[in-house]
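Quick caveat, the model's predicted, so the values are computed rather than measured. In what follows, every chain begins at residue 1, and chains take the letters A, B, ... in the order their sequences are listed. As a basis for the values below, the full set of heavy atoms in this structure was taken, side chains included, without hydrogen atoms, waters or symmetry mates.
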Amino acid sequence: MSEEEKERIARNFIRQIIIEDLKTNKWGGRVHTRFPPEPNGYLHIGHAKSICLNFGLAEEFGGLCNLRFDDTNPTKEDEEYVNAIIEDVRWLGFDWGDRMYFASDYFDQLYEYAVRLIKMGKAYVCDLSQEEIRQTRGTLTEPGIESPYRNRSVEENLELFERMRKGEFPDFAKTLRAKIDMASPNLNMRDPVIYRIKHATHHRTGDKWCIYPMYDFTHCLSDSIERITHSICTLEFEDHRPLYDWFLDQLGVYHPQQIEFARLNLSYTVLSKRKLLELVQRGIVDGWDDPRMPTIRGLRRRGYTPESIRNFAEIIGVSKKESIVDIAVLEHCIRDDLNKRAQRAFVVLNPLKVIIDNYPDDLVEEMDAINNPEDLSMGTRKVPFSKELYIERDDFMENPPKKYYRLAPGREVRLRYAYYITCTDVVKDPQTGEIVEVHCTYDPATRGGSSPDGRKVLGTIHWVSARHCFPVEVRLYDRLFIKENPNDVEEGKTFLDYINPNSLEIKTGYAEPFLKDAKPEERFQFERIGYFCVDSKYSKPGKPVFNRTVTLKDTWSKILKSLQESNE
RNA sequence: AGGGAUGUAGCCAAGUGGUUUAAGGCAUCGGCCUUUGGAGCCGACAUUCGCAGGUUCGAAUCCUGCCAUCCCUGCCA
């Protein structure tokens with residue numbers, strides 16, 4: 001077996017099924033999947049997992065993947081969502097060619113299938129009300145009661161179903177039900193409704209129909225019509241599989257295989273359309289594309305790349321075990337990607353003025369800075385340097401603890417790509433005692449950041465020239481929830497009780513000049529701080545707003561923490 | 001009279017009776033290196049696979065029983 005073939009083996013149970021099917025030629029060598037969203041909301045990272053799975057499998061095995069909208073409920077669905085979903089799947093980097101379908105495209109065919117079921121004596125028109133259907137369904141432990149309309153003649157059913165279609169009955173007056181088994185331990189098999197009356201305008205078929213097929217009936221037949229081989233869905237549909245199979249078997253049509261996997265859960269966030277909608281409606285976030293939202297649009301605005309999301313989907317794996325993936329894995333994926341690609345820049349978020357006493361008052365030097373140490377092909381840039389600078393307040397301490405190797409009285413540090421400086425004096429506000437500026441001297445021999453005598457400095461810090469930098473709005477985002485699993489609520493609470501009140505902090509930073517021209521969606525690493533993306537909503541030409549995608553890993557904060565803990 | 005699933009480290013997840021003395025990733029902890037305390041590199045991290053029995057020369061993998069968790073009583077998908 002070659003390395004390549006080994007690589008193809010397993011990795012997850014769905015691949016295993018496909019590899020086996022290919023071996024046995026079950027589908028004539030074909031692999032054909034589909035991503036079937038209902039256009040009733042925006043896509044989130046959980047959908048991304050499914051998208052990557054379905055499109056990825058097709059790609060890997062030389063097959064195809066359709067985009068199909070499961071639009072059988074006109075009162076919930078909308079074209080706005082269709083367009084948003086198309087845009088999001090494209091942005092993730094997937095292509096469905098000319099195979100964008102709508103379940104509503106199949107309404108005529110589906111109607112014919114229903115008629116066939118009636119003719120076979122496998123479906124009937126039921127006059128029971130919603131409440132009566134519920135009451136006769138039985139419970140988890142008791143069988144249901146057969147509908148009094150269950151044994152209508154084929155002719156009567158045909159006529160009634162036709163009249164339902166024509167709009168002769170009001171909403172909810174009648175349903176078409178599959179005649180299966182009211183005593184089945186699987187509730188889905190207790191004569192499920194397959195058509196209901198809804199006098200509603202559909203976003204695609206308009207007012208052509210007033211009866212709409214249910215999911216179970218529609219989905220399997222849509223898969224069949226599109227000649228899907230592997231119909232991949234989430235675990236909660238496992239109980240529906242017997243019904244999926246039943247319709248296809250009764251009708252004797254092409255029969256794909258339904259395979260279920262566990263949906264994604266991510267720590268410190270929620271991934272249900274209902275809860276996400278609630279965050280939007282209550283104004284807790286700034287809309288579906290708020291950078292804190294786990295939606296595709298939110299992640300995009302936050303600065304996540306399609307590649308990082310696809311890589312995430314790949315490394316978390318696919319299984320049938322319900323689990324919560326640590327959001328640190330997602331954060332790792334974006335750091336890993338941006339580390340190799342993002343242009344570096346100097347931005348000071350909490351400025352402290354530094355004056356270099358022995359530096360000429362009016363001199364300005366252009367320092368050469370590497371744009372990306374991980375990719376030298378990205379070149380260098382010039383950063384202006386002068387007598388007065390800003391550094392990060394955290395990078396100076398009057399009484400530093402051990403292991404602190406940044407600036408402190410009498411200490412020498414390197415200003416990255418510039419000079420070594422030594423702190424000579426600290427100026428404080430006489431009222432508050434707050435440090436307002438720090439005086440230093442520089443060593444002219446260390447230009448560029450290295451010394452001819454080879455002496456070492458422990459710390460390297462970033463800086464901006466006070467005269468040349470410009471103020472920028474920087475939005476520091478953090479996790480939306482303070483609880484690892486916000487779905488796990490204590491008595492009397494809701495997931496909203498675990499919102500992180502500090503998930504957004506807006507600051508004004510001082511940025512080096514070239515950042516002024518940054519365009520929406522451009523991503524940067526602010527050295528020693530984190531990765532940032534130009535906001536696509538609030539930025540204006542010449543006035544970029546930066547969203548923090550994720551911080552850089554911060555070893556010092558860990559040392560600090562353990563230092564504090566050992567002091568306690 | 002319930003049915004359907006799942007249990008491998010803090011979190012994901014390979015493994016499908018014998019080179020497994022249980023891959024890989026995240027996290028964590030050491031060390032090296034470093035003009036980002038970033039990145040990179042090296043190392044540590046399950047005598048054990050929900051539990052208890054059994055089969056076998058040999059079991060995470062097969063059998064039996066038990067336990068835990070999740071899903072199912074929409075004319076939602």
> Examine B:U28: is either OP1 or OP2 under 4.0 Å from a nitrogen or oxygen in the side chain of A:K558? Give yes or no.
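True: A:K558 side-chain N/O within range (under 4.0 Å) of B:U28 OP1/OP2.
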> Of all heavy-atom pairs between A:Y390 and A:C469, which one has the smallest distance, and what is that distance?
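Minimum heavy-atom separation between A:Y390 and A:C469: CD1-SG, 4.1 Å.
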> If you look at every strand shown and take non-hydrogen atoms under 4.0 Å, does A:L128 touch a base, only sugar-phosphate, or nothing?
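It contacts base atoms.
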> Quick check on side-chain contact (heavy atoms from CB on, under 4.5 Å): which of A:H203, A:R68, A:E77 does A:F102 satisfy it with?
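The single option meeting the side-chain contact (heavy atoms from CB on, under 4.5 Å) with A:F102 is A:H203.
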> For A:R137 and B:G2, is the shortest distance between a side-chain N/O and OP1 or OP2 below 4.0 Å?
no
> Could you give the CZ-to-P distance, from A:F172 to B:G74, as a whole number of Å?
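Result: 14 Å.
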> With both distances under 3.5 angstrom, what nucleotide forms a Watson-Crick or G-U wobble pair with B:C49?
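Partner of B:C49: none.
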> How should the glycosidic conformation of B:G58 be described, syn or anti, under the criterion that syn lies within 90° of 0?
anti
> Tell me what A:P37 touches on the nucleic acid: a base, only sugar-phosphate, or nothing, going by heavy atoms under 4.0 Å.
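Here A:P37 touches no strand at all.
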> Could you work out the separation of B:G3 and B:G17 based on their C1' atoms and round it to a whole Å?
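Those two atoms are separated by 31 Å.
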> Roughly how many Å is it from NZ in A:K483 to C1' in B:C11, rounded to a whole number?
16 Å
> Can you check the distance between B:A23 and B:C66, where both ends of the measurement are the C1' atom (answer in whole Å)?
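Per the computed distance, 31 Å lies between those C1' atoms.
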> Considering only heavy atoms from C-beta outward, does the side chain of A:R455 approach that of A:E412 to under 4.5 Å?
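Of all side-chain heavy-atom pairs linking A:E412 with A:R455, at least one is under 4.5 Å.
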> Between A:D216 and A:N188, just flag the one whose closest nucleotide in RNA chain B comes earlier from the 5' side.
A:N188
> Using the P atom as the point on both nucleotides, what is the distance between B:A59 and B:U21, in whole Å?
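B:U21 and B:A59 have their P atoms separated by 10 Å.
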> Can you see which heavy atom on A:A114 is nearest to which on A:L176, and at what distance?
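For A:A114 versus A:L176, the nearest heavy atoms are CB-CD2, 3.8 Å.
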> What is the minimum heavy-atom distance between A:S129 and A:E132, and which atoms define it?
N-OE1, 2.7 Å
> In terms of side-chain heavy atoms of A:N12, which of B:C76, B:A14, B:A5 is nearest?
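Nearest to the side chain of A:N12 among the choices is B:A14.
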> Which residue in the set A:N54, A:T33, A:D223 passes side chain to side chain donor-acceptor pair (under 3.5 Å) when paired with A:S231?
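Option passing the side chain to side chain donor-acceptor pair (under 3.5 Å) with A:S231: A:D223.
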> Under a 3.5 Å limit for both distances, which nucleotide forms a Watson-Crick or G-U wobble pair with B:G37, could you say?
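Pairing partner, where one exists within any strand: none, as none qualifies.
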> With respect to the side chain of A:E238, which nucleotide from B:G25, B:C75, B:G4 is positioned closest?
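Within the option list, the nearest is B:G4.
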> For nucleotides 66-71 of chain B, give me every protein contact, N/O to N/O, under 3.5 Å, one pair per line with atom names.
unit_1, atom_1, unit_2, atom_2, d
B:C70, O2', A:E322, OE2, 2.4

> For A:V318, report the nucleic acid contact type (base, sugar-phosphate, nothing); a contact means any heavy atom under 4.0 Å.
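Here A:V318 touches the backbone only, sparing every base.
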> Could you check which nucleotide pairs with B:G7 in any of the strands shown, counting Watson-Crick or G-U wobble with both distances under 3.5 Å?
B:C67
> Looking at every strand, decide which applies to A:T75 at a 4.0 Å heavy-atom threshold: base, sugar-phosphate, or nothing.
nothing
> Please state whether the phosphate of B:U36, meaning OP1 or OP2, lies under 4.0 angstrom from any side-chain nitrogen or oxygen of A:H462.
no
> With nearest nucleotide decided by heavy atoms, which residue, A:G449 or A:E38, maps closer to the 5′ end of RNA chain B?
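Residue closer to the 5' terminus by nearest nucleotide: A:G449.
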> Do any N or O atoms of the protein come closer than 3.5 Å to N or O atoms of nucleotides 37-39 of chain B, and which pairs are they?
unit_1, atom_1, unit_2, atom_2, d
B:G37, OP1, A:R528, NH1, 2.7
B:G37, O3', A:T555, OG1, 3.4
B:G37, O2', A:T555, N, 3.2
B:G37, O2', A:T555, OG1, 3.3
B:G37, O2', A:W556, N, 3.2
B:G37, N7, A:R406, NH1, 2.5
B:G37, O6, A:Y405, N, 3.0
B:G37, N1, A:K403, O, 2.7
B:G37, N2, A:K403, O, 3.2
B:G37, N2, A:Y405, OH, 3.0
B:G37, N3, A:Y405, OH, 3.0
B:G38, OP1, A:T555, OG1, 2.4
B:G38, N2, A:E374, OE2, 2.8
B:A39, O2', A:N339, ND2, 3.1
B:A39, O2', A:E374, OE1, 3.2
B:A39, O2', A:E374, OE2, 3.1

> Considering Watson-Crick and G-U wobble pairs with both distances under 3.5 Å, what does B:A44 pair with?
B:U28
> Give the nucleotide from the list B:A5, B:C76, B:U73 with an atom nearest to the side chain of A:K76.
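My answer, after comparing the listed nucleotides, is B:C76.
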> Please measure how far the C1' atom in B:A60 lies from the corresponding atom in B:A52, and state the result in whole Å.
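Looking at atom C1' only, B:A60 and B:A52 are 16 Å apart.
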> With heavy atoms under 4.0 Å as the rule, sort A:H240 into base, sugar-phosphate or nothing.
base
> If you look at every strand shown and take non-hydrogen atoms under 4.0 Å, does A:E331 touch a base, only sugar-phosphate, or nothing?
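Here A:E331 touches no strand at all.
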> Give a yes/no answer on whether the side chain of A:K321 brings an N or O atom under 4.0 Å of OP1 or OP2 in B:A13.
yes
> Would you measure the distance from the P atom in B:G10 across to the matching atom in B:G54 and give it in whole Å?
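So the two P atoms sit 28 Å from each other.
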> Please round to the nearest 0.5 Å and tell me the distance separating atom CZ of A:F526 and atom CG of A:L515.
5.0 Å
> Starting from C1' on B:A77, measure out to NZ on A:K273 and report it in whole angstrom.
7 Å
> Could you state the OH-C1' distance from A:Y215 to B:G74, rounded to the nearest angstrom?
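About 15 Å, once rounded to whole Å.
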> Search all heavy atoms of A:Y304 against all heavy atoms of A:R523 and return the closest pair with its distance.
O-NH2, 3.4 Å
> Determine yes or no for a side-chain-to-main-chain donor-acceptor pair under 3.5 angstrom, with A:T136 supplying the side chain and A:I133 the backbone.
yes
> First locate atom OH of A:Y195, then atom CD1 of A:I118, and finally report the distance between them rounded to the nearest 0.5 Å.
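Nearest 0.5 Å value for the OH-CD1 distance: 9.5 Å.
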> From CD of A:E131 over to C1' of B:U73, roughly how many Å is that when rounded to an integer?
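Between C1' of B:U73 and CD of A:E131: 12 Å.
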> With sugar-phosphate meaning primed atoms plus P, OP1 and OP2, does A:I316 contact a base, only sugar-phosphate, or nothing at under 4.0 Å between heavy atoms?
sugar-phosphate
> So A:I133, base contact, sugar-phosphate only, or nothing? Heavy-atom distance under 4.0 Å.
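Contact class for A:I133: base.
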> Let's see if you can work this out: which of B:C76, B:G25, B:C72 has an atom nearest to the side-chain heavy atoms of A:I315?
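Looking only at side-chain atoms, A:I315 lies closest to B:G25.
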> Counting just side-chain N and O atoms, does A:S323 come under 4.0 Å of either OP1 or OP2 of B:C11?
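No, because none of the side-chain N or O atoms of A:S323 sits under 4.0 Å from OP1 or OP2 of B:C11.
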> To the nearest 0.5 Å, tell me how far A:S267 OG sits from A:I327 CD1.
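Rounded to the nearest 0.5 Å, the OG-CD1 separation comes out at 5.5 Å.
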> Would A:Y111 and A:F161 count as a close aromatic pair, with their ring centres under 6.0 Å?
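Judged by ring-centre distance (under 6.0 Å), A:Y111 and A:F161 do meet the cut-off.
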> Tell me the closest heavy-atom pair linking A:P37 and A:L67, and the distance in Å.
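What the structure gives for the nearest pair is CD-CD1, 4.1 Å.
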> Does a side-chain N or O of A:R190 approach OP1 or OP2 of B:G3 to a distance below 4.0 Å, or not?
no
> At under 4.0 Å between heavy atoms, what does A:S319 touch on the DNA or RNA strands: base, sugar-phosphate, or nothing?
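Touches sugar-phosphate only.
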> Please state how far atom CG in A:L330 lies from atom P in B:A27, giving the value in whole angstrom units.
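To the nearest whole Å, that distance equals 12 Å.
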> Look at the side-chain N and O atoms of A:K198 and state whether any lies under 4.0 Å from the OP1 or OP2 oxygen of B:C76.
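For B:C76, OP1 or OP2 has a side-chain N or O of A:K198 closer than 4.0 Å.
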